[in-house]
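Remarks on the structure that follows.
Proteins come first, then strands; the chains are lettered A, B, ... in the order of their sequence lines, and each starts at number 1.
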Amino acid sequence: MPELPEVQTVVNTLSPRVTGATIRAVTLHRIDIVTPIGTDLVKHLTNRVISQIERRGKRIVFTLDDGNRFFIHLGMTGRLTVESLDSEILKHTHLIFDLHDGSQVRFRDPRRFGGVFWLGSDDPAGTMGPEPMTLRADELFAKLKKTKRFVKTALLDQKLVAGLGNIYVDEALHAAGIYPKLRADRLNRQQVEKLTVAIKTVLKRALKHRGSTLRDFVDADGLKGAFQKLHRVYDREGKPCLTCGGSIKRIVLGGRSTHFCPKCQKRSK
DNA sequence: CGCGGGCCCTGTGAGC
DNA sequence: TGCTCACAGGGCCCGC
């Protein structure tokens with residue numbers, strides 16, 4: 001579900017509702033969604049003020065008034081929403097913050113690939129790579145030079161660039177006319193230049209449409225994204241390429257679905 | 001030590 | 001209608 005545009009959309013909709021809010025109570029229904037194991041989240045958060053909320057990679061980073069931080073990762077099916085007290089608490093709701101104004105922030109994640117990660121004073125970025133929106137082509141070129149993996153697989157590595165996922169890597173490679181199975185270290189300067197621009201263009205357009213909802217994604221207000229209607233390759237196997245009319249192919253790389261147009265994204269050069 | 005594969009989970013939709 | 005199976009936006013951990 002959540003890649004950079006979706007996570008940013010959650011932050012954008014959550015921020016005005018929680019920035020400056022006091023967490024009056026914390027209800028943790030499953031302690032195993034919290035990392036490190038044994039963290040007393042209730043103690044850390046109760047009666048704290050949320051002074052800031054921001055995105056780093058695919059992480060939603062909260063800064064508290066005591067300077068401590070934690071982040072929530074949405075995994076595949078995570079939702080972070082603001083709801084009223086009387087709205088039904090759905091199955092798989094693992095964490096609830098009661099705010100001073102009577103609203104609740106709820107974290108719900110059926111597959112539990114997401115979770116809550118206590119940082120304290122640790123760096124929210126961890127070992128993550130640079131943000132794609134401010135990425136420089138020479139920087140990406142240097143990183144891709146260091147690996148023999150397929151360019152598709154390399155771009156999914158959050159240590160290389162932080163925030164891209166399966167949808168936007170496929171979309172960006174298509175926009176740049178690059179074959180997904182091309183070895184990362186074989187891309188030339190012009191290709192990386194084009195790829196850098198394509199990544200930014202695709203992410204910017206996706207953000208403008210509040211991300212992609214294939215199934216689960218909603219923002220903090222429960223609103224779905226609309227960018228899935230504008231995908232040019234992702235989840236379009238067998239359909240005509242919107243650029244050249246060729247048939248979109250689906251292959252599996254590193255266990256992930258990969259969609260591309262064999263005519264626009266040629267194997268050679 | 002880089003890399004590929006397995007695995008962690010639940011829900012859904014296609015196919016029989 | 002009901003069952004089985006493949007698959008899903010992510011990422012950690014384990015051998016090789």
Q. Which is true for A:Lys91 with a 4.0 Å heavy-atom rule: it touches a base, it touches only sugar-phosphate, or it touches nothing?
A. sugar-phosphate
Q. Strictly by modelled atom types, are A:Thr63 and A:Arg69 linked by a side-chain donor-acceptor pair under 3.5 Å?
A. yes
(Q) So if I take residues 144-154 of chain A and measure heavy-atom distances to DNA chain B, which residues fall below 4.0 Å? (A) A:Thr147, A:Lys148, A:Arg149
Q) Taking the P atom of each, how far is C:dC3 from B:dC9, in whole Å? A) 25 Å
Q | Between P of C:dC12 and CE of A:Met76, the distance in whole Å | A | 14 Å
Q. Do A:Asp109 and A:Thr77 have side-chain N/O donor and acceptor atoms under 3.5 Å apart?
A. yes
Q.
Using the side-chain contact (heavy atoms from CB on, under 4.5 Å) criterion, which residues pair with A:Ala137? Sequence neighbours excluded.
A. A:Glu193, A:Thr196
Q. Is a donor on one side and an acceptor on the other found under 3.5 Å between the side chain of A:Gln265 and the backbone of A:Pro262?
A. no
(Q) If I take atom CG in residue A:Asp32 and atom C1' in nucleotide C:dC12, what distance separates them, rounded to the nearest angstrom? (A) 16 Å
**Q.** Neighbours of DNA chain C within residues 248-258 of chain A, by heavy-atom distance under 4.0 Å
**A.** A:Arg250, A:Arg256, A:Ser257
(Q) A:His92: which residues meet the side-chain contact (heavy atoms from CB on, under 4.5 Å) condition with it, sequence neighbours left out? (A) A:His94, A:Arg108, A:Pro110
Q.
Show me the pairs that pass side chain to side chain donor-acceptor pair (under 3.5 Å) and involve residues 233-242 of chain A, at least two apart or across chains.
A. none
Q: Whole angstrom is fine here: how far is it from CZ in A:Phe71 over to C1' in C:dG10?
A: 12 Å
Q.
Tell me which pairs pass ring-ring contact (aromatic ring centres under 6.0 Å, His included) where either residue lies in residues 47-68 of chain A, with sequence neighbours left out.
A. A:Phe62-A:Phe70
Q. With Watson-Crick and G-U wobble geometry limited to distances under 3.5 Å, how should the secondary structure of DNA chain C be encoded in dot-bracket form, using | for bases paired to another strand and [ ] for crossing pairs?
A. .|||||||.|||||||
Q | Electrostatic pair A:Arg79:A:Asp216 at N-O distance under 4.0 angstrom | A | no
Q | A:Glu3 and A:Val169, any side-chain heavy atoms less than 4.5 Å apart | A | no
**Q.** Distance, rounded to the nearest Å, where A:Asp170 contributes CG and C:dA8 contributes C1'
**A.** 14 Å
Q: To the nearest Å, give me how far apart CG (A:Leu156) and C1' (C:dG10) are.
A: 9 Å
**Q.** Minimum heavy-atom distance between A:His29 and A:Thr93, given as atom pair plus value
**A.** ND1-O, 3.2 Å
(Q) Can you classify the ring geometry of A:Tyr168 versus A:His231 as parallel (below 30°), tilted (30 to 60°) or perpendicular (above 60°)? (A) perpendicular
**Q.** Those residues that, when tested against A:Arg232, pass side-chain contact (heavy atoms from CB on, under 4.5 Å) (two or more places apart)
**A.** A:Glu171, A:His174, A:Leu242, A:Thr243
Q: Output yes when A:Lys152 and A:Asp170 qualify as a salt bridge under the 4.0 Å nitrogen-oxygen rule, no when they do not.
A: yes
Q | Distance below 4.0 Å between A:Gln158 side-chain N/O and C:dG10 OP1 or OP2 | A | no
Q. Does anyone know the first and last nucleotide of DNA chain B in reach of chain A, 5' to 3', at under 4.0 angstrom to a heavy atom?
A. B:dC3 to B:dG13
(Q) In this structure, how many angstroms lie between the C1' atom of C:dC7 and the CG atom of A:Asp235, rounded? (A) 11 Å
(Q) If I take atom CG from residue A:Leu214 and atom CD1 from residue A:Ile167, how far apart are they, to the nearest 0.5 angstrom? (A) 4.5 Å
(Q) Counting only heavy atoms and a strict 4.0 angstrom limit, can you tell me which residues of residues 105-142 of chain A come near DNA chain C? (A) A:Arg111, A:Phe113
Q) Do any pairs count as a ring-ring contact (aromatic ring centres under 6.0 Å, His included) and have a residue in residues 119-158 of chain A, sequence neighbours left out, and if so which ones? A) none
**Q.** side-chain contact (heavy atoms from CB on, under 4.5 Å) partners for A:Pro132, two or more places apart
**A.** A:Leu4, A:Val161, A:Ile199, A:Leu203
